[in-house]
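Just so we're on the same page: letters track the sequence lines, and every chain starts at 1.
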Amino acid sequence: MTIYNFSQLVINWYHINGRKDLPWQKNKTLYIIWISEIMLQQTTVKTVIPYFKKFILNFPNIESLNNSSLDEVLYLWSGLGYYNRARNIYKSAKIITAKYYGIFPSNFSDVIKLPGIGKSTAGAILSLSLNFFFPILDGNVKRVLIRYYGIIGSLKDRIIEKKLWHITEIVTPIHNTGKFNQAMMDIGALICLAKKPKCEICPLSKRCIAKIKQKWENYPLKNTKKIYPIKTSWFTLIQFNNTLWMEKNIEKKIWKNLFCFPSFDTEEKALNWLKEKKINTNTYKKIKPFIHKFSHFILYIYPILIPLSSCLKFCKKNNTGLWYDLKKPQHIGLSKPVQKILENFKKNIF
DNA sequence: CAACCGTGGGG
DNA sequence: TCCCCAAGGTT
């Protein structure tokens with residue numbers, strides 16, 4: 001099959017079956033596509049949609065982002081994960097304002113220099129928004145190509161990665177690049193599923209090597225599974241009336257710049273810290289522990305509740321602590337476990 | 001360059 | 001329940 005036929009099959013399929021009504025497809029400006037592409041990194045469409053709508057409503061353009069605070073951006077990102085993406089969007093808004101007069105750049109070398117934008121995302125932004133000729137290589141495209149061409153290997157293999165880039169550069173058409181790229185992602189997300197692909201409705205099944213060999217499970221080869229370490233964290237919920245004490249994660253790598261309860265990897269450290277702050281540790285109440293799974297480790301969270309009868313002053317470097325008001329929540333970034341604890345607290349479960 | 005960076009959901 | 005995966009990029 002010629003390359004022309006490959007891209008033509010994909011584009012023809014797109015005209016009938018492709019997704020054209022996603023929230024970021026109504027007005028495909030560089031800004032809209034940029035935000036959506038960042039949100040969609042390693043995240044499903046279903047999860048992204050409500051976050052995207054809320055984000056665009058609050059930040060309709062680069063200027064609004066530039067005039068905002070990082071806390072406000074992280075507030076709208078809370079629960080979505082991979083918070084570096086939000087920090088990079090904020091950084092990018094500053095860069096775009098300073099370097100490009102507030103207008104999102106439209107040439108590849110400028111776009112890819114922005115933090116959080118790699119080769120594939122840069123290509124996606126420019127092709128989906130402006131129909132520029134740039135190939136992409138996301139998880140969807142990788143899976144479609146690796147099956148269609150019957151490539152033996154793991155997605156983590158650098159050589160496979162390079163080979164796939166070479167192929168996507170060849171199959172991507174010069175015209176209708178935007179439609180083609182969208183179609184490849186649609187086929188990957190709706191048909192060429194990781195598990196149980198729907199080959200019977202796939203426009204590429206006729207010459208797909210994985211389909212012909214009846215071995216889609218082997219494309220791509222599965223990675224050897226890793227054992228994830230287990231870590232523990234004691235969350236100290238210091239309560240005064242309707243407020244809880246929180247501190248911004250500065251030095252911690254995880255949940256950086258988000259707010260969290262003072263946390264310690266052992267109960268002893270938590271108790272010592274409380275004693276340092278002259279808080280009576282005889283009255284604290286243990287709350288049911290729960291597990292939070294990350295992509296690379298498992299965290300056992302042990303919340304302990306310490307009600308105060310009078311408000312204490314805490315010192316935190318750079319004034320990055322605050323009394324979180326449950327009745328009038330500050331706009332700050334919160335991780336999922338912290339959000340869950342706050343919800344339970346509001347429901348009076350503790 | 002392998003490890004790091006979150007979270008939700010499907011099978 | 002458990003395991004794997006999902007529109008990646010950075011260090």
Side-chain angles (χ1 to χ4, degrees), chain A residues 18-19 22-25 32-52 74 77-89 91-92 111-125 127-129 134-144 154-159 161-162 164-165 168 178 181-190 192-197 217 220-229 231 249 252-258 260 290-299 301 333-340:
Chain A
R19 291 177 289 186
L22 294 167
W24 42 89
Q25 294 176 323
I32 293 280
I33 299 297
W34 169 46
I35 300 299
S36 70
E37 282 304 317
I38 301 298
M39 281 193 171
L40 286 161
Q41 288 172 351
Q42 302 290 283
T43 314
T44 56
V45 167
K46 191 188 170 189
T47 302
V48 164
I49 286 175
Y51 281 89
F52 175 82
L74 288 170
W77 209 274
S78 294
L80 191 56
Y82 285 137
Y83 300 95
N84 217 12
R85 297 181 295 174
R87 293 187 288 271
N88 283 333
I89 282 176
K91 276 187 206 165
S92 294
V111 174
I112 201 171
K113 277 178 198 144
L114 294 170
I117 299 180
K119 190 177 175 185
S120 185
T121 300
I125 292 169
S127 64
L128 297 179
S129 174
F134 289 106
I136 60 169
L137 190 63
D138 70 338
N140 290 309
V141 178
K142 283 178 184 173
R143 196 169 50 256
V144 172
S154 156
L155 291 178
K156 285 193 171 179
D157 189 327
R158 293 282 174 173
I159 297 171
E161 165 103 6
K162 218 173 170 185
L164 288 170
W165 264 114
T168 189
N181 285 347
Q182 183 60 53
M184 288 293 281
M185 292 192 284
D186 289 348
I187 291 170
L190 304 174
C192 197
L193 308 174
K195 297 171 199 169
K196 293 190 179 179
E217 303 95 315
L221 288 180
K222 289 171 180 56
N223 301 315
T224 53
K225 64 174 178 181
K226 281 191 299 185
I227 307 293
Y228 294 119
K231 300 181 183 179
N249 282 336
K252 288 194 173 74
K253 291 175 189 170
I254 201 86
W255 298 326
K256 191 179 161 195
N257 283 16
L258 277 69
C260 189
F290 62 99
I291 295 171
H292 185 76
K293 290 176 183 175
F294 290 89
S295 50
H296 52 301
F297 67 94
I298 299 168
L299 185 64
I301 297 172
L334 300 173
S335 67
K336 206 63 191 177
V338 170
Q339 288 182 314
K340 282 181 185 170

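- Applying the salt bridge (charged side-chain N to carboxylate O under 4.0 Å, His left out) criterion to A:Lys119, with sequence neighbours excluded, gives A:Glu169.
- In this view, A:Gln41 and A:Thr121 satisfy the side chain to side chain donor-acceptor pair (under 3.5 Å) rule, not counting sequence neighbours.
- Taking the side chain to side chain donor-acceptor pair (under 3.5 Å) definition, one finds that A:Thr43 meets it with A:Arg85, sequence neighbours left out.
- Within 4.0 Å (heavy atoms only), A:Ala124 reaches no atom of the nucleic acid at all.
- For the P atom pair drawn from B:dC5 and C:dA7, the interatomic distance equals 23 Å after rounding to whole Å.
- Listed by chain and residue number, nothing satisfies the ring-ring contact (aromatic ring centres under 6.0 Å, His included) test with A:Tyr51 (two or more places apart in sequence, or in another chain).
- Residue A:Trp24 is in base contact, counting any heavy-atom pair closer than 4.0 Å across all strands shown.
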Q: Spell out protein contact along nucleotides 4-11 of chain B as letters: B when the base is contacted, S when just the sugar-phosphate is, - when no protein heavy atom is under 4.0 Å; keep the 5' to 3' order.
A: SBBBS-B-
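- Counting any heavy atom pair closer than 4.0 Å across all strands shown, A:Ile298 reaches no nucleic acid atom.
- Using a 4.0 Å cutoff to heavy atoms of chain A, the contacted part of DNA chain C runs 5' to 3' from C:dC4 to C:dT10.
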Q | Working for side chain to side chain contact (heavy atoms under 4.5 Å, CB included), residues A:Ile32 and A:Phe52 | A | CA-CA 9 Å; A:Ile32 293 280; A:Phe52 175 82; 3.8 Å; yes
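- The residue among A:Arg19 and A:Lys225 whose nearest nucleotide of DNA chain C lies closer to the 5′ end is A:Lys225.
- A:Asp157 is linked by a side chain to side chain donor-acceptor pair (under 3.5 Å) to nothing, counting only residues two or more places apart in sequence or in another chain.
- Here A:Glu217 pairs with nothing under the side chain to side chain donor-acceptor pair (under 3.5 Å) rule; sequence neighbours left out.
- Of the P atoms belonging to C:dC3 and B:dG6, the separation is 23 Å, rounded to the nearest Å.
- For A:Phe294, the ring-ring contact (aromatic ring centres under 6.0 Å, His included) partners are A:Trp255, A:His292, A:Phe297, not counting sequence neighbours.
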